[in-house]
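Worksheet: the structure to be examined is printed underneath.
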Amino acid sequence: MTPSFWLSTLGPITERPALPGDRSADVAIVGGGYTGLWTAYYLSQAAPELSIVVLESRYCGFGASGRNGGWASGLFPVSEAKLARRHGAAQAAAMHSALAGAVDEVGRAAEAEGIDCHFAKGGTISLVRSPAQFRRARNAPGFLGAAEARAICGATDVLGGVYSPDCAALHPARLVRGLAEAVERRGVKIFEGTRVRGIARGRVVTDHGVVTAGTVVRALEGYTAQLDGYRRALAPVYSLMIATEPLPSSFWDRVGLARRETFTDERHMIIYGQRTADDRLAFGGRGAPYHFGSRIEPGYDQVPAVFDALRDTLEQMFGVRPDIAARWGGPLGIPRDWMPSVGLADGIAWAGGYVGDGVAAANLAGRTLSDLIRGAETDLTTLPWVGHRSRRWEPEPLRWLGINAGLRATNLRDSLEKAR
């Protein structure tokens, strides 16, 4: 898997030493991304007497935490209306309020730790660019007319937009690498280059030894399928990105995004973009195929047809065909019911299934796991996603057929809407 553009801007990555052999700890965290590191961060603050170990197969931020679109968003893949039907209106509102608050908490913690992650809370806008999209979005909270939407993001064919203040743009690799350094300052041990083969109550088996721990935390997101016994827990689905060369002030005078608002539109196949701190467009989208058996391979993050489609979309949206500086991608974790979850049972804690919106959600998950592990009853431990268990994905070949058929159907819906 090629390094992301974000990671490449940080210069060479020196891996921390691997686990030197068998070890014991109070808490063993499997995964050195946002979920694992935020858990270590808040747990080490709340209970500094605990010995905490983080185990990472490559280096902190190698996966989705260093590859994503840099949206710290209050978006949740399950709508508030659907959550209300399942858990009641008060709980649904609490879930969405907590996630919105996590956006600010990411910025607060980054500032407190001196992490310059280019955090800019400008909100997010979903542009309406076809009559079908207009009909679908016009009654949504935060709907803007065409002039108001174009004032935020001067894309082509804008008929309106849906704006939310609950989003910040940031540099994801700067955040995750800085967070790793912050937890080390608090005495957390991070072992990189240490592949975890299996977990069980009180035990983590790695290729460098066994860690025994009172609590084991599974924080692998899209890589969960590589863990023994978890192949059908989360489907690893690839999202790909491009970054342009820095764009001139004349472009930004026309396009706007003056507060570094993140942007998307109301199509069904998800796209996402941001104006970076050095005036590039970092732009990504779904559409890469799911691979049989939940396989993750280095070559899967390079799909020329998807990169070409992303560049074409930028050209359609902004009327220019920018030079591309970088192309990359990586897998994200999708649960069968698209419902992220956090929990602790029989000594094993978990969090994940963020469906691509994990930057702020992982922060909320880390705080929640800290409370659960310490046995603290708080407002966070009663949120609807706590203790939720998604049913497993179907066995192959049904999983491969179903997910890829869904991707094709989504593309077809967008194609049909262009004519309506």
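Owing to the predicted nature of the structure, the values given are computational and were not obtained by experimental measurement. What you see below is based on every heavy atom in this structure, not just the backbone, and it leaves out hydrogens, waters and symmetry mates.
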Please determine if [X] and [Y] form a salt bridge, counting it only when a charged side-chain N lies under 4.0 Å from a carboxylate O.
X: Asp301; Y: Arg67; answer: yes
X: Glu394; Y: Arg399; answer: no
X: Arg280; Y: Glu245; answer: yes
X: Arg275; Y: Asp279; answer: yes

Compare all side-chain heavy atoms of [X] with those of [Y] and state whether any distance is below 4.5 angstrom.
X: Arg177; Y: Ile13; value: yes
X: His208; Y: Arg195; value: no
X: Arg367; Y: Leu380; value: yes
X: Ser73; Y: Asp166; value: no
X: Pro172; Y: Tyr34; value: yes
X: Arg136; Y: Glu417; value: yes
X: Ile242; Y: Leu314; value: yes

From the options Tyr290, Tyr238, Tyr300, select the one residue that forms a side-chain contact (heavy atoms from CB on, under 4.5 Å) with Pro331.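 Of all the options given, the one that passes is Tyr238.
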
Determine whether a donor-acceptor pair (N or O, by modelled atom type, separation under 3.5 Å) exists between the side chain of [X] and the backbone of [Y].
X: Thr244; Y: Leu281; answer: yes
X: Gln133; Y: Gly161; answer: no
X: Gln302; Y: Gly299; answer: no
X: Asp414; Y: Met269; answer: yes
X: Thr410; Y: Gly406; answer: yes
X: Thr156; Y: Gln316; answer: yes
X: Glu56; Y: Arg58; answer: yes
X: Ser8; Y: Phe5; answer: yes
X: Ser97; Y: Ala93; answer: no
X: Thr264; Y: Ile271; answer: yes

In this structure, is the centre-to-centre distance between the rings of Phe263 and Phe318 below 6.0 Å?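 Yes: the rings meet the under 6.0 Å criterion.
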
Enter the distance from [X]:[atom1] to [Y]:[atom2] here, rounded to the nearest 0.5 Å.
X: Cys117; Y: Trp6; atom1: SG; atom2: CH2; result: 11.0 Å
X: Ile373; Y: Ile29; atom1: CD1; atom2: CD1; result: 6.5 Å
X: Met317; Y: Cys153; atom1: CE; atom2: SG; result: 5.5 Å
X: Leu99; Y: Leu364; atom1: CG; atom2: CG; result: 6.0 Å
X: Leu179; Y: Glu184; atom1: CG; atom2: CD; result: 10.5 Å
X: Arg391; Y: Arg232; atom1: CZ; atom2: CZ; result: 9.5 Å

Take Thr206 and Arg197 through the side chain to side chain donor-acceptor pair (under 3.5 Å) test and state the conclusion after the steps. CA-CA 5 Å; Thr206 83; Arg197 302 294 179 179; over 6 Å; no

Distance-only side-chain donor-acceptor flag, Asp337 / Ser390, under 3.5 Å: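 Checked: Asp337/Ser390 side chains pair up, N/O donor to acceptor below 3.5 Å.
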
With Arg108 as the cation and Phe119 as the aromatic partner, state whether NZ or CZ is under 6.0 Å from the six-membered ring centre and within 45° of the axis.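 No - Arg108 does not lie over the ring of Phe119 by the 6.0 Å and 45° rule.
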
Is the terminal nitrogen or CZ of Arg336 (NZ for Lys, CZ for Arg) located under 6.0 angstrom from the six-membered ring centre of Trp393 and within 45° of that ring's axis?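 Yes - Arg336 lies over the ring of Trp393, closer than 6.0 Å to its centre and within 45° of its axis.
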
Counting heavy atoms not belonging to Arg254, are there more than 12 under 6.0 Å from its CZ?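 Yes, because the 6.0 Å sphere around CZ of Arg254 holds more than 12 heavy atoms from other groups.
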
Take atom CG of Asp312 as the centre, draw a 6.0 Å sphere, and report whether it contains more than 12 heavy atoms from other residues, nucleotides or ligands.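 Correct, the count exceeds 12.
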
Suppose the criterion is salt bridge (charged side-chain N to carboxylate O under 4.0 Å, His left out): which pairs have a residue in residues 113-130, not counting sequence neighbours?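 Salt bridge (charged side-chain N to carboxylate O under 4.0 Å, His left out) check on residues 113-130 returns Asp104-Lys121, Glu113-Arg185, Glu113-Arg186, Asp116-Arg174, Arg129-Asp265.
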
Which pairs count as salt bridge (charged side-chain N to carboxylate O under 4.0 Å, His left out) when at least one residue sits in residues 349-366, sequence neighbours excluded?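 Qualifying pairs, neighbours excluded: none.
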
Looking at every heavy atom in both [X] and [Y], which two are closest together, and how far apart are they?
X: Trp400; Y: Glu396; result: N-OE1, 2.8 Å
X: Pro335; Y: Val355; result: CD-CG2, 3.8 Å
X: Leu37; Y: Gly32; result: CD1-O, 3.5 Å
X: Thr14; Y: Glu192; result: O-OE1, 4.2 Å
X: Ala169; Y: Gln274; result: CB-OE1, 3.7 Å
X: Tyr272; Y: Gly285; result: CE2-N, 3.5 Å

Set out, in order, the CA-CA distance, both residues' side-chain angles and the distance that settles side chain to side chain donor-acceptor pair (under 3.5 Å) for Glu266 and Ser126, then state yes or no. CA-CA 6 Å; Glu266 288 290 313; Ser126 181; 2.5 Å; yes

Side chain to side chain contact (heavy atoms under 4.5 Å, CB included) between Met241 and Phe283, worked out: CA-CA 6 Å; Met241 292 196 69; Phe283 187 70; 5.7 Å; no

Full working for ring pair (Phe, Tyr, Trp, His ring centres under 6.0 Å) between Phe134 and Phe143: CA-CA 10 Å; Phe134 183 87; Phe143 182 79; 5.7 Å; yes

Tyr42/Asn363 under side chain to side chain donor-acceptor pair (under 3.5 Å): CA gap, chis, key distance, verdict: CA-CA 9 Å; Tyr42 291 107; Asn363 174 276; 2.9 Å; yes

Worked check of side chain to side chain contact (heavy atoms under 4.5 Å, CB included) between Leu332 and Tyr354: CA-CA 8 Å; Leu332 52 93; Tyr354 305 124; over 6 Å; no

Tell me, with the steps shown, if Leu372 and Thr368 meet side chain to side chain contact (heavy atoms under 4.5 Å, CB included). CA-CA 6 Å; Leu372 290 171; Thr368 306; 4.2 Å; yes

Working note: Leu43 + Ile52, criterion side chain to side chain contact (heavy atoms under 4.5 Å, CB included); need CA distance, chi angles, decisive distance, verdict. CA-CA 9 Å; Leu43 190 57; Ile52 303 170; 4.0 Å; yes

Please identify each residue that fulfils salt bridge (Lys or Arg N to Asp or Glu O under 4.0 Å) with Asp157, with sequence neighbours left out.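 With sequence neighbours excluded, Asp157 shows a salt bridge (Lys or Arg N to Asp or Glu O under 4.0 Å) to no residue whatsoever.
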
Please determine whether side chain to side chain donor-acceptor pair (under 3.5 Å) holds for the pair Ser341 and Trp350, giving the CA-CA distance in whole Å, both sets of side-chain angles, and the decisive distance to 0.1 Å. CA-CA 8 Å; Ser341 63; Trp350 74 90; 3.0 Å; yes

